[in-house]
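To start, the structure under review is shown below, and the notes come after it.
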Amino acid sequence: MLELRKGVNILQEVSGIRTAEQAEKLFAERLDEANRAKLDRIRNEEARIAIAGAIALVDPESVFVHDGSPEARAHVRRVALERKEEEQLKMPDHTIHFDLPEEQARIVDRTFYIVNPDEKVSVLAKKILRDDALAYVRDYMKGIGKGMPLFVGFYSRGPIGAKAAIPALEITTSAYVTHSADILYRNVYARFDEEVERAGLFFTNVHSQGPNRPEDLPNARVFMDRSWLTTFSTYCTYAGNTLLLKKGNHRFAVDLATYLKVEEELSEHMFITGMTGPGGRKTFFAGAAPSGCGKTTTAMVGTDFIGDDLAQLWIAEDGTLRAINPEQGIFGIIKDVNRESDPYLMKAIREPGSEVIWSNVLVADGVPYWEGSGEELPERGINFQGEWWKGKTDENGKPIPPSHPNARVTVPCTSIGNYNEQLAEDPAGVPVKVITYSGRDADTMPPIVVARSPEEGVVIGASIVSQATATEVGVTGVRRQPWANAPFIPGPLGDYMNAQFKFFGSKKFSNEGRPILAGLNYFLTHEARGGSGKGLLGEKRDVRVWLSWLERFAHGEVKAIETPIGFLPLYEDLRSLFAELIDKDYPRELYDMQFSLYIDNLVARIDLQTEAFRKDENIPELLFEIYDRQKKELLALREKHGAVVPPATLLEEAGGAR
Ligand code: OXD
Ligand code: MN
């Protein structure tokens with residue numbers, strides 16, 4: 001359930017600014033003439049009250065209204081340097097920002113949804129009661145920005161005017177956060193009122209890093225008020241915790257899609273990219289993967305890159321699935337990024353011409369370095385924990401890596417060579433034909449499997465499991481990661497799942513427009529699949545082949561083997577794509593290791609998921625029916641052919657390819 005405007009509006013309550021008159025009085029007192037004039041262009045009363053409320057709450061020294069002009073953008077960059085939130089690097093327009101050593105990722109233990117009494121949230125999320133959140137905001141945020149500048153920014157989450165785009169306010173004492181927003185989001189100052197009118201709502205984000213001292217970090221909080229579509233973020237700087245236009249507002253968008261736009265829209269943790277197929281046709285993909293599992297790399301493998309992290313999807317009047325990227329830049333992980341696997345990104349960050357904010361990498365003589373770059377690293381420098389030298393260890397004797405595994409680069413998409421700006425800016429979105437779901441799965445799912453029906457596709461998404469990554473503080477082990485969106489699903493998973501079934505099963509799709517849904521897994525290892533080598537069975541460059549096979553399949557140009565878990569590719573088709581696209585030999589033994597069904601692993605996975613989802617409430621019965629059916633079919637296969645069933649046997653069982 002989601003009820004907007006329910007309960008006390010915390011920003012209004014704590015700031016005492018509830019009416020237009022109070023807001024106007026505050027502006028007259030606190031804004032200089034130039035900024036008051038800029039703010040006067042924004043007429044939406046609710047937005048003016050929220051902005052005034054944020055000013056009264058944070059109590060900054062000055063207020064800067066960001067009108068999106070080049071001068072305003074330059075001002076933000078200048079203040080970021082002056083206040084030492086960023087430092088200039090050797091390359092023009094490149095800066096470095098460091099987050100505190102203990103805040104190198106999302107602080108999931110201090111991230112909460114603000115809820116009203118009796119409101120349920122996802123079992124995978126943390127919640128705080130409205131009254132407790134109110135007390136926190138009052139006790140810790142009042143006056144938190146004393147002596148600091150406050151930036152008021154207006155952004156659109158998506159191409160302005162797109163059906164699924166939503167405008168948002170980003171109000172922060174951090175010039176770095178505003179600078180990041182300027183790279184990652186479209187400024188909508190000039191059309192803010194119009195966009196609020198069209199979308200029917202806007203998001204409000206209020207942040208202050210306060211004094212940014214390690215000792216304040218236990219008090220750091222990220223709050224998302226579902227009812228008032230407002231976020232609060234304190235005592236932190238890492239963009240995943242502070243630039244709540246990104247994941248904070250994504251969570252609200254998920255909520256809106258789940259409860260108020262059922263069978264109309266979805267809001268997903270997905271990249272969007274196009275592949276050029278035979279005859280020059282373009283086929284678009286949207287793919288989910290947990291943070292730190294290669295979404296950015298996959299997106300850039302396409303010929304028409306649109307986005308690397310988030311997707312707003314809807315069913316258009318013509319029955320096609322449409323997608324927009326709410327962002328226009330990337331906040332990408334910079335580990336194992338090198339010329340071979342990420343040529344476009346490397347060009348953008350290693351050659352002049354792009355604006356780049358680096359964070360938490362190693363800097364020596366004004367040049368940033370990171371692990372897995374394929375370049376020689378300096379022996380000394382400054383990194384996320386201060387001075388660094390080769391061999392330096394932490395207090396437990398563990399070696400400190402030169403750059404943090406969750407170090408990032410913030411880059412505009414226009415700097416990426418294969419970005420299709422024209423399509424990415426089109427409010428009509430791109431037509432998506434293929435949906436993929438991935439995780440770091442070492443032993444169970446084959447590299448590609450296409451769902452036999454939209455419902456089975458939803459179940460592939462529900463069943464993602466993945467190894468923890470460096471994107472969340474203090475998280476380890478293999479975890480369930482439903483739709484790779486779980487950290488951003490506010491309500492119960494059953495509600496979200498229901499919306500997924502309704503959306504992908506919708507009759508509004510035309511035959512041509514209905515997408516295929518597939519699992520994609522690059523992380524199978526030799527060890528788990530009876531190989532003689534070590535580590536991963538495939539390479540990053542294979543991704544092009546997997547996507548291209550899906551492209552062909554979506555157009556009905558290749559046949560496949562039907563199995564209990566879905567359709568698998570035929571060896572010959574893959575072999576010729578490997579040869580044609582990446583000039584690589586693809587031995588049959590490798591295919592067999594990758595595409596044999598490891599029945600015990602698959603059944604164990606189904607059991608794990610069934611048990612976990614059974615503990616949750618209101619999970620659609622359809623999920624369990626599909627698991628049961630698949631399990632039965634898998635056990636029958638094992639009975640007949642043993643625990644590991646090679647694709648040739650599966651083909652025979654299926655009575656040929658189809
Ligand atoms: C991100 C994340 O930064 O998912 O995109 O952590
Ligand atoms: Mn992400």
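No hydrogens, no waters, no symmetry mates; every other heavy atom, side chains included, goes into these values. All ligand and atom numbering here is 1-based and tracks the order in the structure.
In terms of polar-atom proximity, defined here as any N/O pair under 3.5 Å, Arg106 does make such a contact with ligand 1. Considering backbone and side-chain N/O of Ser291, one or more are found under 3.5 Å from N/O of ligand 1.
For atom 3 (O) of ligand 1, the nearest protein heavy atom (residue, atom name, distance) is Arg408 NH1, 2.9 Å.
Taking the charged nitrogens against the carboxylate oxygens, Glu351 and Arg339 do have a contact shorter than 4.0 Å, which makes a salt bridge. We find that Asp426 and Arg322 are not joined by a salt bridge, their nearest charged nitrogen and carboxylate oxygen being 4.0 Å or further apart. Look at Arg479 and Glu472 and you find a salt bridge, because one of the NZ, NE, NH1 or NH2 atoms lies within 4.0 Å of a carboxylate O, short of that distance. A salt bridge links Asp309 to Lys247: one of the charged nitrogens lies within less than 4.0 Å of a carboxylate oxygen.
The Mn ion (ligand 2) has no N, O or S atom of Lys246 inside 2.8 Å of it.
Within the set Lys246, Glu327, Lys247, the minimum heavy-atom distance to atom 2 (C) of ligand 1 is found for Lys247.
Considering just the N/O/S atoms of Asp309, the one nearest the Mn ion (ligand 2) carries the name OD1.
Ligand 1 places these atoms under 4.0 Å from at least one heavy atom of His269: 4 (O).
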*Under the salt bridge (Lys or Arg N to Asp or Glu O under 4.0 Å) criterion, do Asp182 and Arg77 qualify, and how do the steps go?*
CA-CA 10 Å; Asp182 280 348; Arg77 288 198 300 268; over 6 Å; no
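Distance check, rounded to the nearest 0.5 Å: CH2 of Trp370 to CG of Asn338 gives 9.0 Å.
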